[in-house]
Amino acid sequence: MARPDRPLSPHLQVYRLPLTAILSIAHRITGVGLAFGALILVAWLAAAAAGGSAFATMSGLMGSWVGRIVLFGFTWALFYHLANGIRHLFWDAGFGYEKADARMSGIAVVLISVVVAVVVFGLGCAKVGG
Amino acid sequence: MSADTGKTLRTRLGRVRGLGSAKEGVNHWWGQRLTAIAMVPLFVWFAFSLVALAGAPHATVVAWIRSPVSAVLLIALLAAVFYHLALGVQVVIEDYVHTEWRKLALIIIVKLASALAALVGVLSVLRIAFGA
Ligand code: HEM
């Protein structure tokens, strides 16, 4: 078969993904992950509606150390996906396509997501205590 | 249509037929962007609220949910999140699942499950907002 005169995809096993490509797949992974995280939000609201003892059980789960690790993961995933989502919206509007710009905005997204996640989660934990 | 020079992702057959993948695609695309834009301020508000509520007892949390602003914004958040996620996960399924019946079955499950989960969330907020 003749080689088609069309762009080729990178061969994933031999191609070192650039930062922008890693961030792109991370957007997808965090998106799917957050879909499960949304169920925690629903469970929290349902527990609050169900009454004091259900809410206490839910709070206990969320406050346990396993719960905190999971919640921190979702907190970071949310802020990463949110910040990178804004990056996506700028692309949709036609801005930031230059290779150097895409790299810079990518680095900014990673730094911002980590800092915001740590600050938000840290403030929350400080208030809960323990 | 562009001349047959340079590289294009479309096959010649695809171009002759004039069919793209985007049929209802524009609505899907808009839905994803609109919900994304809506969620930016909603999640900023939600993050501030959760930090303020961290460790609060049940009564405080319920009082917060019941206040009209929180109730409305929570329902808006639930609607945006679940609509956005149903559209988003659909694309992921379409990219990776190539057996037609499996793809369809998964998409149906995701759409129904997200609708159901969103309803549970909204009903919980309403129960608190209108409840005793
Ligand atoms: C809990 C909240 C959220 C969930 C569960 C979620 C989930 C998803 C999923 C599953 C996708 C599809 C990913 C893909 O096709 O690779 C997606 C895409 C997207 N999300 Fe979110 N998302 C959430 C919040 C947000 C927020 C707050 C923004 C704010 C800007 C956002 C912006 C976007 C954008 C722009 C896309 C399209 C990306 C593309 O075209 O590839 N998302 N989201």
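Each chain gets a letter, A, B and so on, in the order the sequences are listed, and its residues count up from 1.
The hydrophobic cluster containing B:Met39 also contains B:Ile75, counting ILVMFWY residues as joined when their side-chain heavy atoms lie under 4.5 angstrom apart, directly or transitively. Under a hydrophobic-cluster definition in which Ile, Leu, Val, Met, Phe, Trp and Tyr are linked whenever side-chain heavy atoms come within less than 4.5 Å, directly or via other members, A:Tyr80 and A:Phe90 are assigned to the same cluster. Residues A:Ile112 and A:Val115 are members of one and the same hydrophobic cluster, defined by side-chain heavy-atom contacts under 4.5 angstrom among Ile, Leu, Val, Met, Phe, Trp and Tyr. A chain of hydrophobic side-chain contacts below 4.5 Å, direct or via other Ile, Leu, Val, Met, Phe, Trp or Tyr residues, connects A:Leu111 to A:Phe72. When hydrophobic clusters are built by joining Ile, Leu, Val, Met, Phe, Trp and Tyr residues whose side-chain heavy atoms come closer than 4.5 Å, directly or via intermediates, A:Phe36 is not grouped with B:Ile109.
For B:His58 (side chain) and A:Ala56 (main-chain N/O), no donor-acceptor pair under 3.5 Å exists by modelled atom type.
With a 4.5 Å cut-off on non-hydrogen atoms, A:Phe79 touches chain B through its side chain but not through its backbone. For B:Val125, the part lying near chain A is the side chain, with the backbone staying farther off; criterion is any non-hydrogen pair under 4.5 Å. In this structure, no portion of B:Ala86 lies under 4.5 Å from any heavy atom of chain A.
Looking only at heavy-atom pairs under 4.5 Å with chain A, the residue among B:Val89, B:Leu78, B:Leu126, B:Leu123 that has the most is B:Leu78. Counting heavy-atom pairs closer than 4.5 Å to chain B, the top residue among A:Gly85, A:Gly124, A:Gly52 is A:Gly52. Counting heavy-atom pairs closer than 4.5 Å to chain A, the top-ranked of the candidates B:Ala56, B:Ala59, B:Ala52 is B:Ala52. When each of A:Ala43, A:Gly31, A:Gly51 is scored by its heavy-atom pairs under 4.5 Å with chain B, the top score falls to A:Gly51. In terms of non-hydrogen atom pairs under 4.5 Å with chain A, the most contact-rich of B:Val110, B:Val122, B:Val81, B:Asp95 is B:Asp95. Counting heavy-atom pairs closer than 4.5 Å to chain B, the top residue among A:Val120, A:Asp92, A:Leu82 is A:Asp92. Ranked by heavy-atom pairs under 4.5 Å with chain A, the list B:Ala54, B:Gly55, B:Ala47 is led by B:Ala54.
Side chains of A:Phe55 and B:Val62 form no contact here, defined as non-hydrogen atoms less than 4.5 Å apart. Side-chain contact between A:Phe121 and B:Val51: absent, with no pair of heavy atoms (C-beta onward) separated by less than 4.5 Å. B:Val40 is listed as a side-chain neighbour of A:Ile86, based on a closest heavy-atom distance under 4.5 Å.
Residues satisfying the side chain to side chain donor-acceptor pair (under 3.5 Å) criterion with A:Ser113, sequence neighbours excluded, are A:Trp76.
Pairing each heavy atom of B:Ser124 with each of A:Ala46, the nearest pair is OG-CA, 3.3 Å. Between A:Ala38 and B:Leu85, the shortest heavy-atom contact is CB-CD1, 3.9 Å. Contact detail for B:Ile128 and A:Leu45: the closest heavy-atom pair is CD1-O, 4.3 Å. Across every non-hydrogen atom of B:Ile65 and A:Ala48, the tightest pair is CD1-CB, 4.0 Å.
Between the CZ atom of B:Phe46 and the CG atom of A:Leu78 there is a distance of 9.5 Å, given to the nearest 0.5 Å. Rounded to the nearest 0.5 angstrom, A:His81 NE2 and B:Phe43 CZ are separated by 9.5 Å. In this structure, B:Gln32 CD and A:Leu89 CG are separated by 10.0 Å, a value rounded to the nearest 0.5 Å. To the nearest 0.5 angstrom, B:Leu74 atom CG is 7.5 Å from A:Leu41 atom CG.
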Check the pair A:Lys127 / B:Leu53 against side-chain contact (heavy atoms from CB on, under 4.5 Å), numbers first and verdict last. CA-CA 9 Å; A:Lys127 288 197 64 182; B:Leu53 284 173; over 6 Å; no
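Ring-plane geometry between A:Trp44 and B:Trp64 is classed as tilted, the angle between the planes lying from 30 to 60 degrees on a 0 to 90 degree scale.
The local environment of CH2 in A:Trp91 is crowded, with over 12 non-hydrogen atoms from other residues, nucleotides or ligands closer than 6.0 Å.
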